[in-house]
Amino acid sequence: MACRSGALGLIDSTSHIRVARPSRDLASAGRFYTDGLGLEVLWRTTERTPGKHDLLMAGPPGGSWHFDSPTPAASPASARA
């Protein structure tokens, strides 16, 4: 089967790729991505809002891919001030 550049369903070096890997401990995940893999934290948020999740995005600066590590969404019963 021949592959064409830009063909539907193919991933090439310009494709933006998000690899999601949930984590309960974003501090540890951040250390793994930066210290272990040499990537940079591209975005980090801590919502602390019921029904929302915290998020860490790590990847190469200017790269077309990144790892996305959301925490499980906080339920109203487990949310803390």
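Just so it is clear, the model here is predicted, and its values are computed rather than measured.
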task = Could you state whether V41 and I17 fall into the same hydrophobic cluster, counting links through intermediate Ile, Leu, Val, Met, Phe, Trp or Tyr residues with side-chain heavy atoms under 4.5 angstrom apart?
result = yes
query = Any link between W43 and F32 through a network of hydrophobic side chains (Ile, Leu, Val, Met, Phe, Trp, Tyr) touching at under 4.5 Å?
reply = no
query = Of the non-hydrogen atoms in H53 and T71, which two are nearest, and what is the gap between them?
reply = CB-O, 2.9 Å
inquiry  = Using the rule that Ile, Leu, Val, Met, Phe, Trp and Tyr join whenever any side-chain heavy atoms are under 4.5 Å apart, tell me whether V19 and M57 fall into a single cluster.
reply    = no
query = Which heavy-atom pair separates L26 from R44 by the least distance, and what is that distance?
reply = O-NH1, 4.3 Å
remark   = One should read off an interatomic distance between S23 OG and D54 CG, to the nearest 0.5 angstrom, of 10.0 Å
request  = Assign the ring pair F67 / Y33 to parallel, tilted or perpendicular, where the plane angle (0 to 90°) is split at 30° and 60°.
outcome  = parallel
ask   = Which distance, rounded to the nearest 0.5 Å, do you find between the OG1 of T34 and the CG of L39?
value = 8.5 Å
ask   = Can you hop from L42 to L37 via hydrophobic side chains spaced under 4.5 Å?
value = no
